[in-house]
2 protein chains.
Amino acid sequence: MQKCIKCNSVDGVIRSGFLRGKQRFFCKLCNFHFILENENARLPQKATQATIVDLAKHLGIAASTVSRALNGKADISPFTRKAVMQAAIDLDYRPNLLAQSLNKGKTNTIGVVIPNVELPFFATALASIQQVAIDTGYRIMVCHSSESEAIEKLNTETLIACRVDGLLVSHSKETTSFEHIQRVLAKSIPIVHFDRVCNEIDTPKVIHEDFKGSFDLVEHLILQGCRKIGVMLGPQKFYISQIRLEGYKAALQKYGIEVDEKYIYYSEMNKNDGTKAFEYFINLPNPPDGLFAMLSRNAIEMMVEAKKRQIKIPEDMAFVGFGDDILCELFEPSLTVFNHFPTKVGEAAINLLIENIKNKNTTSSTIQSVQGELVIRDSSFKGKS
Amino acid sequence: MQKCIKCNSVDGVIRSGFLRGKQRFFCKLCNFHFILENENARLPQKATQATIVDLAKHLGIAASTVSRALNGKADISPFTRKAVMQAAIDLDYRPNLLAQSLNKGKTNTIGVVIPNVELPFFATALASIQQVAIDTGYRIMVCHSSESEAIEKLNTETLIACRVDGLLVSHSKETTSFEHIQRVLAKSIPIVHFDRVCNEIDTPKVIHEDFKGSFDLVEHLILQGCRKIGVMLGPQKFYISQIRLEGYKAALQKYGIEVDEKYIYYSEMNKNDGTKAFEYFINLPNPPDGLFAMLSRNAIEMMVEAKKRQIKIPEDMAFVGFGDDILCELFEPSLTVFNHFPTKVGEAAINLLIENIKNKNTTSSTIQSVQGELVIRDSSFKGKS
DNA sequence: CCAACTATCAGAAACGTTTGTGATAATCAT
DNA sequence: ATGATTATCACAAACGTTTCTGATAGTTGG
C-alpha cells in the first residue's frame, strides 16, 4: 500500500496511528516510523543572515571563541580577534538580539504605553523619551491604546510578553480597572507612571503640577476680574479631571467665590467637544465670563465659537487652557496656558525608570512633580496684574 | 594558600592561569579547576515569570506536551489539555515572545522608521499603522530619527538586529546615502517606503500626490489672480522638495508664467523658518503676491508675519500650504491646503508591507499613490473659481 | 629538566520555545 | 487471543547567543 521512505519496501508497512492529523506509518522491515510529508515543506530556506556559528565554521574555530572575540573579552589572541572581526565584516554579521536577550535575561528595551500620539503632549514626551533611551543604550517599544482600555491591556500584555525590562505607562481616559498593572507589579517588572497616572496603585510616578497649574490659571482669571468661571474637564472618573477640578475649586475658595455645579462641564475629550461645551455654557441663564479648558485645543475650539458670536475676548469672556502648543501661540487671540513641559515629564519618567531597572531595590512610591509655568497671553490678559 | 572549593583541602591547590582577568586555581587532589567567585554573584534570582518548563514540572508532564496543549495542537487528551490550561492560569504563564520568535524564525513585528513624531503627518500616519497592525496580529516597533541621518541608520540597524519581519521607512530630511537600505534589501527583508521615499533604490513605495498637490495649489493661486508666486521648500537635496518644485514649475508653465529663481526659497524645515522665509520674500525688490509653503506650519508662520505688517490676506498676498491640520482650520484666516490624508498613506503602506511579508515573492517596484484633495479656505480664496 | 604557571581555545550547558520522531498502553477487529 | 491500529505522551534537537568549565601547548624559573 505505501512504500517505506527508508528501505523502499512495500510489504512491511502498516498504519500506525495519527500524528497531528496525519496518517502515520510503520515499516516492520526496517523498524521505522514515518509520515508522508508534502514536498514543498522542505524548501531550501535561503539562510540570509549570518550567525556566530557561520563565522565559526568560516574560520574553523569554536562559536564560543567567536562570541568572546566579538564582545571584547579576555582570553583571545590578537590574531584570532582580528580574524573574527574581519569575518564579521565580510559576512555582514549582525548579532541576533532575540537570542542575546533570551540568554541574558534582559532585553534593554523599555515599553511605553500612551493613549494617543496625536496629542501634542504625548508626541513631545515620546520624542524626549526616545532621545534619553538612545543616549543610555535602551530601545523603546511604543504602543498606543487609542484611548481604549481594552487595547491598553492588550498592549501591556504584549510588552511583558516581549520581556521588556521596564514599563512607562500613561493610562487611557477610559481605564478604570488596573489588574493589568497589578500583574506587572506581581512579576516585579519595574514600572513608572507618567502624566495620566493611577493613584490606586503604589508605583513611582511623574506628574506635572495639575493642581497648581489649574489653581494658577483660575486665580489668574479671577485677578483679571472674572467671577463666573466655567471649567471644561475630561471624563468624571478620570483622575486628572479630579485633580484639576480641585485646583479650580481651591482658587475659587481662596477668593471667596462659591462653586456652582452648573459651571462644571465634563467631556470625552473628543475633537469637537469644545464646541459642544461652549454651546452649553453660553446657553446657561447666567453665562460665565471666564472659561478654563483642560485641553488647550478645546479652549481654542471654544474661542472659535465665541468669535463667531462676536463675543469680545478677553473683555467679555476670557479663556485659559492647560498645556502649551504652537496652536496656542499662533491662534488669535493667543491663548493663556499653563505649560507643563512635556519634554521634562518624559525625561524624568524614563530616567526614573532606568534607575529602578538598575537598582532592583524598587524604590517605589516616588512621586516626582515637574514644575510648570503660567504663560499669560491675549486670551485673558486685561491689563491687570 | 587557597582552599579547594570542592574537597576543601589546601595542599593540592596551585594557581593555574588567568581566566577573564581572574586568578584560576587547580586542585591536584580532586583534579578540579576553579575560580574564586564573589559571593553576591549567585543571588537567588527570584524567577518571577513562569515558563513552560515550570508548568511541565508542576503537572509532572513533558514540556513539549504543555506546548502542544497551549497551542491547540492534536495529540493531547482533553483531560491533559484542561489541566495545562488551568495551570497556565494558576501560575500566570505568559509565553516568552523572544523564545518563540527565535524558534519560529519570525517575530510578527514590523519596524517603523519615521523622522519625527511631532509632525502631525507622522503622528496620524503612525496611529493608523498601529491600528492596522493590531488588527492583523502584528506588533510595531517605532523609531524616530529626529531628522538625523546617523540616528536613522542606527535605528535601521537596531530593527534588523531585533529581526523584525519587515520595515516601514520614511527618511530623515538629511539622509542622502542609502547603504543602510541596501543592506536591508541584501538580506531580503521586506521593506516599504512611504512619504519621504528614496527614488534611488527599487523598493515598493507609498506616496501622496506631491506633484499634483503642488500643481493644484499653485494653479489655484494663479486662478485667484496671483502672478508672482513664491515657494518655500525643504532642503534642496530633499526628494520631496524636488518633486513639489516640479509641480510648482509645471503650474506656472501652464499659464505662461516665467519661473524666477528669486521666488524659490529653500529651508531646513525648522520651527521658525517660515518667519525667515517671509523676511526674505518681503524684502525682495518685487515681493510675491502669493506664497506656497511645503509645510503648512510654515505657511502659518508666514501669515503671522504678514498680519503683523498689516498685509491684507488674501487680497494683497495669498497663502497656501501642503498638508492639512487642525491649526490650518482654526487659524484666522484659515489656510488653503492640499490634504494628503496621512491615515490613508499609513494604511496603504502597512498593508503593502504585510502583503510582501506573506508572499515572499517580493513584488517590488510597486508605487502606490494616495489621492489627495485641495481644500480651499480663506487664506487664498478671493471669490473667483 | 621538570614542576609550576600562562595563554588560548574547545566543548557543553543554558535561556524558553516548537516540532520531528519514537515509545507505550489501550483499543479494535477477526 | 492476537496482531493491527489508535491515542497519548516523552524525548531530543533546533533557534542564536553567552558563559562556565576544562584541556592543551607553550613558557617560565630554579
If the plane angle is over 60° it's perpendicular, under 30° parallel, otherwise tilted; pick one for A:H193 and A:H171.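 The arrangement is tilted - the two ring planes meet at 30° to 60°.
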How long is the line joining [atom1] of [X] and [atom2] of [N], in whole Å?
X: B:D75; N: C:dT24; atom1: CG; atom2: C1'; result: 13 Å
X: A:I61; N: D:dT17; atom1: CD1; atom2: P; result: 14 Å
X: A:L55; N: D:dT18; atom1: CG; atom2: C1'; result: 15 Å
X: B:K73; N: D:dC9; atom1: NZ; atom2: P; result: 15 Å
X: B:N71; N: D:dC9; atom1: CG; atom2: P; result: 16 Å
X: B:R81; N: D:dC9; atom1: CZ; atom2: C1'; result: 13 Å
X: A:K82; N: C:dC9; atom1: NZ; atom2: C1'; result: 19 Å

Distance-only, no hydrogens or angles: does the B:T107 side chain make a donor-acceptor pair with backbone N or O of B:R163 under 3.5 Å?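 A pair under 3.5 Å: yes.
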Quick one: does any side-chain atom of A:T136 pair with a main-chain N or O of A:V132 as donor and acceptor, under 3.5 Å?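 Side chain of A:T136 to backbone of A:V132, a donor-acceptor pair under 3.5 Å: yes, one is there.
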Protein N or O to nucleotides 14-16 of chain D N or O, pairs below 3.5 Å:
none

Would you check, one step at a time, whether the test salt bridge (charged side-chain N to carboxylate O under 4.0 Å, His left out) holds for A:E149 with A:K153? CA-CA 6 Å; A:E149 177 165 8; A:K153 296 194 172 183; 3.6 Å; yes
By nearest atom, which of the nucleotides C:dC9, D:dT18, C:dG20 is closest to the A:I76 side chain? C:dC9
Which nucleotide, D:dT8, C:dT21, D:dC20, lies nearest any side-chain atom of B:R68? C:dT21
OP1 or OP2 of C:dT8 versus the side-chain N and O atoms of A:T80: is any pair under 4.0 Å?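 It does not, given that no N or O in the side chain of A:T80 lies less than 4.0 Å from OP1 or OP2 of C:dT8.
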Phosphate-side-chain proximity, A:S67 and D:dT18, N/O vs OP1/OP2 below 4.0 Å: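 Yes.
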B:H58 atom NE2, neighbour heavy-atom count above 12 within 6.0 Å: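 Atom NE2 in B:H58 is not crowded, with 12 or fewer foreign heavy atoms closer than 6.0 Å.
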Electrostatic pair A:K73-A:D75, nearest N-O below 4.0 angstrom: no
Taking the side chain as C-beta and beyond, is there a heavy-atom pair between A:C143 and B:R139 under 4.5 Å?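 SC-SC contact between A:C143 and B:R139 ruled out.
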Can you tell me whether the side chain of B:S64 and the base of D:dC11 have a donor-acceptor pair closer than 3.5 Å?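 Looking at the base of D:dC11, it does pair with a donor or acceptor on the side chain of B:S64 (distance under 3.5 Å).
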Nearest-nucleotide check on DNA chain D, B:S77 vs A:T65; residue mapping nearer the 5' end is B:S77
